[in-house]
Amino acid sequence: MKFIDEYRDPVAAQRWLAAIHGLVTRPWTLMEVCGGQTHAILKYGIDELLPREVTLLHGPGCPVCVTPLEKIDRALALASRPNVIFCSFGDMLRVPGTDRDLLAVKAAGGDVRIVYSPLDALKVALENPDKQVVFFAVGFETTAPGNAMAVYQARRAGLENFSVLVSHVLVPPALEAILGSPSCRVQGFLAAGHVCAVMGYTEYLPIAARYKVPIVVTGFEPLDLLQGIYLSVKQLEEGRAEVENQYSRVVTKQGNRQAQSIVTEVFGIVDRAWRGIGVIPGSGLGLRDAYAGFDAERRFDLSEVGPRPEPAECIAGLVLQGLKKPHECDAFGRRCTPEHPLGATMVSSEGACAAYYRHRRVAAGQEGAR
Amino acid sequence: MCLAVPGKIVSMSGDDPWARTAKVSFGGAIKDVSLAFLPDVNVDDYVIVHAGFALSQIDEKEALLIFEDLSKLAAGLDGDGESPA
Ligand code: SF4
């Protein structure tokens with residue numbers, strides 16, 4: 001397919017790799033922000049082809065992985081109600097809550113439906129006026145405009161049986177939280193291309209300047225990732241810390257204004273808890289007062305669901321911050337597998353634990369994966 | 001989840017800018033896509049689609065840069081007489 005196949009060309013990939021090898025003189029640690037990038041890096045074995053000096057850490061950019069346990073439990077409680085149709089993107093269905101997942105609720109008779117677009121959930125609401133339809137609005141900046149649009153249209157149409165369970169997160173505050181940690185090892189970021197397709201990249205300029213880290217907006221195909229790594233390493237070797245745009249075929253500096261305006265109309269910035277990490281100030285989106293009537297957490301009494309502790313042995317929070325690699329978790333590949341996940345990073349194909357398990361198959365406790 | 005894929009607009013419908021849609025071909029598979037966030041695209045344009053919404057038009061000139069950069073780089077490396085890798 002055009003705009004996919006040419007960016008997977010093995011000959012060009014070898015040439016980019018050679019360029020990176022020719023550039024490196026010292027060890028450097030980069031973090032790719034987005035889980036989609038992690039998935040591609042592991043799938044194509046890019047981390048193993050890089051010079052030994054270049055270490056890739058896997059960032060927190062997987063909305064499935066960072067949705068807090070309490071929010072999952074709320075989703076489960078809502079989906080279990082007899083008058084509720086619960087609509088969700090498919091990748092949320094197997095995320096473990098405290099004692100089950102959405103698939104289990106569905107198997108027990110709950111009306112849980114997988115939708116491809118938030119607009120599909122709106123359609124379900126229109127077709128089922130006697131039911132309450134709740135859409136699980138999760139995601140990063142990439143997904144926020146579509147989810148905002150669904151709420152905006154529901155309000156315009158006066159839909160009274162549609163609401164959203166919101167767990168939206170934002171990338172820049174998470175990068176600052178990672179960079180602000182005393183144990184931070186990250187020296188440069190590959191920023192998430194599709195987040196920037198919506199938001200542009202002006203938000204990253206002060207971060208690059210303050211923390212003196214190169215930030216390269218990067219796409220998702222092998223050549224994109226290799227060029228992103230090349231540009232980051234080049235900056236580091238030359239002592240620069242700038243924002244560069246590798247993914248210029250899709251991303252502009254200002255991003256998509258229409259998409260930004262609907263997000264601003266419907267959502268405001270709130271503090272948000274990240275699974276395994278904790279609350280990061282100003283790191284999420286919540287419905288504005290004008291749209292509060294569409295907030296499932298206000299419409300339904302969910303007082304039965306309180307704060308929940310994470311399973312003690314899951315170190316997903318450390319994995320998401322680049323402080324540990326998945327195979328450094330005792331449960332990895334033993335008590336925790338994609339079939340029986342303990343943590344969300346083992347569920348989503350974009351989660352670092354699942355990506356390691358599927359593509360690397362590092363045996364439990366075995367060293368060697370960089 | 002931020003997966004977004006390139007596709008080609010094969011037809012468009014609707015006048016209300018919030019409700020304009022397109023049929024987009026992803027290597028032959030056709031899907032309905034909202035154009036609410038891309039008011040200026042046309043048939044035959046390539047767009048990046050995420051969760052039913054077109055988020056960005058692909059800039060065909062910029063799309064070639066990565067290969068041009070690579071050629072320049074190769075020329076530079078050869079010029080230095082260095083063997084890569
Ligand atoms: S392997 Fe499983 S238990 Fe360990 S950090 Fe990953 S998700 Fe958590």
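Chain letters run A, B, ... following the sequence lines, proteins first and then strands; every chain starts at 1.
Glu237(A) and Thr25(A) share a donor-acceptor pair across their side chains, judged by distance under 3.5 Å alone. Of the N and O atoms on the side chains of Tyr291(A) and Glu265(A), at least one donor lies less than 3.5 Å from an acceptor on the other residue. There is no side-chain donor-acceptor pair under 3.5 Å between Thr218(A) and Gln246(A). In summary, the side chains of Thr21(B) and Ser34(B) do not present any donor paired with an acceptor at a separation below 3.5 Å, with no hydrogens or angles considered.
Contact tally against chain A (heavy-atom pairs below 4.5 Å) for Val47(B), Asp59(B), Ile66(B), Leu55(B): the top residue is Ile66(B). In terms of non-hydrogen atom pairs under 4.5 Å with chain B, the most contact-rich of Pro145(A), Ala12(A), Ser349(A) is Pro145(A). Ranked by non-hydrogen atom pairs under 4.5 Å with chain B, the options Glu6(A), Lys2(A), Gln14(A), His39(A) are led by Lys2(A).
Proximity to chain B (any heavy atom under 4.5 Å) is shown, for Arg257(A), by neither the backbone nor the side chain. Both the backbone and the side chain of Phe26(B) come within contact range of chain A, each with at least one heavy atom under 4.5 Å from a heavy atom of that chain. Looking at Leu70(B), both its backbone and its side chain come within 4.5 Å of chain A, counting heavy atoms on both sides. Heavy atoms closer than 4.5 Å to chain A are found nowhere in Lys8(B), neither backbone nor side chain. Neither the backbone nor the side chain of Asp120(A) comes within less than 4.5 Å of any heavy atom of chain B. If you measure heavy-atom distances from Val49(B) to chain A, the contacts under 4.5 Å come from the side chain alone. Proximity to chain B (any heavy atom under 4.5 Å) is shown, for Val250(A), by both the backbone and the side chain. Of the atoms belonging to Gln260(A), not a single heavy atom falls under 4.5 Å from chain B. Ile262(A) touches chain B through its side chain: at least one heavy atom from C-beta onward sits under 4.5 Å away, while N, CA, C and O do not.
Using a distance-only test at 3.5 Å, with no hydrogens or angles considered, a donor-acceptor pair links the side chain of Lys71(A) to the main chain of Val166(A).
In this pair, Phe37(B) and Phe53(B) present their aromatic rings parallel. The plane angle is below 30°, not in the 30 to 60° band.
The two atoms that bring His194(A) and Ala4(B) nearest to each other are CE1-O, 3.4 Å, heavy atoms only.
Within 6.0 Å of atom NZ in Lys253(A), 12 or fewer heavy atoms from other residues, nucleotides or ligands are found, so the atom counts as exposed in its surroundings.
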